[in-house]
Number of protein chains: 2
Amino acid sequence: MRPREFDHDEVLRIAFDQFWRNGVRGTSLSDIARDAGVQRGSLYNAFGSKEALFLQAYERYAEDYLAALQKALGAGSLRKRLTAFFDLTIGNFRAGTPPRGCPTTRGLMELGAAEGEGLDEDARQAFANLISRITALVQDTLAAGAARGEFDGNAAAAALHIITVTRGLAVLERAFGNEPQLRKIAAHTIDLVLGRKGS
Amino acid sequence: MRPREFDHDEVLRIAFDQFWRNGVRGTSLSDIARDAGVQRGSLYNAFGSKEALFLQAYERYAEDYLAALQKALGAGSLRKRLTAFFDLTIGNFRAGTPPRGCPTTRGLMELGAAEGEGLDEDARQAFANLISRITALVQDTLAAGAARGEFDGNAAAAALHIITVTRGLAVLERAFGNEPQLRKIAAHTIDLVLGRKGS
DNA sequence: AAGATATTTGACATCATGTCAAGAACGTGC
DNA sequence: GCACGTTCTTGACATGATGTCAAATATCTT
C-alpha cells in the first residue's frame, strides 16, 4: 500500500478552520487543498466528499468543545458554573478576528437548507447531537445544584431554556456583534433561572 | 422604452419562496428563472445580482411579517399577547412541508459566513434590522403591560431575553423539528419573564 | 525482485454566477 | 407615420465550483 503524503488530522484541523471562517458552502475544496498543500483529488480520495470532510472536521471539534465545557461546568457554586458556561460559549463564538460565530449554529442553519439530501441529514444529526449532549451537561449541573439547595426549579426545563438562550446568542452575535449585550443577556438569563438568588 | 415581460412582484414572491425552501446558496437563479418563466439574464437585468434579488424579496417578507406581528401583539392581557407572539413566531418557521425554518435566522447564519463582502453586509443589516424592530415591538408591549401592572421588570432586558429565546427556537427547530418542545420552551419563557404571575 | 494495493494526479463533465453584445419591442418627437 | 432612442431580452462566453475517473506512482508484502 502506498502511504498518505499528508497528515490526516492536520488536514481536518485546517479544513475546520476554513469552514468556520467562511462557512461550509463558502469554502471550496480548492481552498482547503491549497492551504493544506494537498491535491484536491487526494481530499476526495481520503474523505469522499466535501460534506464528509466537514463532518469529520466537525466531530473533532465537537469532542474538544465538550471536554472544555465539562471542565467549565465542573467547579464552584451553581451560579459560578453557569456563568463559566456562558463565558465559554460566548468566548467560543466571539473568538477570532472577525469573530467566527458558533460553528454548530452556523452549520445547522446553513446545511439544514436543502431538504433530506443524505449527507445534509448526517450533518443535522451531528449538530443536534452536540446540542443534546450540552443540554445534558447543563441539566446535570442544575440537578446537582438542586441537590445542594442552590436551585429549586425543574432542571430539565431550565436546561432547555438555557440552551435555547445560547443558540439565540449565537444568532444575535451574527446580527449585531455586540459582545457586552450578549453578556448582559447571559447574566439576565442566569438571574431568571436561579430566581435572582444571590444577585 | 420596452416594458417588462414579467411581473416584478410575482418574481419576488417566487424567488423568496425558493430561497426560503432551499436556502440562499442552495437556490440558483436558473431555478428561479425556470419557476418564474423568465430568462436568467432578465433577472440580472432587473435585479442586478442574486443577493440583490434576495434582499428585495426579503424586505418584502419583512414588512408583511412585521405587520402580522404587530397585530398579534395588539390585544388581550400581556400574557395573551406574548403567547400570541410566540405562536406566530413558531408557526412562521414551522410552516410548510417540510418546515422551512426562520428566514431571518437562516439567512443570517448562511450569508453572515463570508466576511464583509459588500452585499453580505447589506443582508446582515436587513436581518439585524428586522430583529431590532421586532425587539422594539415586544419592548413596547411589555412597557404597556407594566403600565397596567401586569409586569414589573425591566422591559428592555425582558424584550431582549424574549427575542433571544425566539432566535434560539429557530435554531432548535432546525436541529430537532420538535414542535411541542418549542412550545414548551416558549411557555416556560413567558413564565420566567412574567414571574409566573397567573400561572 | 515482483506484484498487490492504495494514493496521487490531471483531465473531464456538469452546473453555478456574472458579463456582455447583439437583437427585439415599445414610447417619443419630428 | 416613421425614425430614433431606450430599455428589456436572449444567448454566448468566462470563470470557478463539485465530483468522477483512469492512468501513473510509490510503498508494503511475499
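Here is how names work: the chains are called A, B, and so on, in the same order as the sequence lines, proteins then strands, and each is numbered from 1.
When distances run from any side-chain atom of Glu5(A) to the nucleotides dT8(C), dT9(D), dT18(D), the shortest one goes to dT8(C). For Tyr44(B), the listed nucleotide lying nearest its side chain is dT17(C); candidates were dT10(D), dA11(C), dT17(C). Here dT9(D) is the nucleotide among dT9(D), dT18(D), dT8(C) with the atom lying nearest to any side-chain atom of Phe6(B). Between dT9(D), dT7(C), dT17(C), one nucleotide has an atom nearer to the side chain of Asn45(B) than all others, and that is dT9(D). Set against dT17(C), dT9(D), dG19(D), the side chain of Lys50(B) has dT17(C) as its closest nucleotide. Which of dG19(D), dA16(C), dA17(D) sits closest to the side chain of Ser28(A) comes down to dA17(D).
If you take CG of Asn22(A) and P of dA17(D), they are 12 Å apart, rounded to a whole angstrom. Distance CD (Gln39(A)) to C1' (dT8(C)): 8 Å, rounded to an integer number of Å. Between Leu43(A) atom CG and dA6(C) atom C1' there is a gap of 16 Å when expressed in whole angstrom units. Taking atom CG of residue Leu29(B) and atom C1' of nucleotide dT19(C), one finds them 13 Å apart after rounding to whole Å. Between the P atom of dC15(C) and the CZ atom of Arg25(B) lies a distance of 21 Å, rounded to the nearest Å. Whole-Å rounding puts the Glu51(B) CD to dA16(C) P distance at 16 Å. Between the C1' atom of dC15(C) and the CZ atom of Arg34(B) lies a distance of 13 Å, rounded to the nearest Å. Atom CD of Gln18(A) is separated from atom C1' of dA17(D) by 15 Å (rounded to the nearest Å).
Where Ala46(B) and Gly48(A) meet DNA chain D, the nucleotide closest to each residue was compared, and Ala46(B) sits on the side nearer the 5' end. Between Arg4(B) and Gly41(A), it is Arg4(B) whose nearest contact on DNA chain D lies nearer the 5' terminus.
Taking 4.0 Å as the cut-off between side-chain N and carboxylate O, Arg40(B) and Asp31(B) do not count as a salt-bridged pair. Residues Arg60(A) and Asp9(A) are paired through a salt bridge, judged by an N-O separation under 4.0 Å between the basic side chain and the carboxylate.
For dG19(D), the base has a donor-acceptor partner in the side chain of Arg40(A) [N/O atoms by modelled type, under 3.5 angstrom].
For dT7(C), neither phosphate oxygen OP1 nor OP2 lies less than 4.0 angstrom from any side-chain nitrogen or oxygen of Ser42(A).
The closest side-chain heavy-atom distance from Ile134(A) to Thr104(A) is not below 4.5 Å. The closest side-chain heavy-atom distance from Leu137(A) to Leu66(A) is below 4.5 Å.
A distance-only check finds no donor-acceptor pair linking the side chain of Thr89(B) to the backbone of Thr166(B) [under 3.5 Å].
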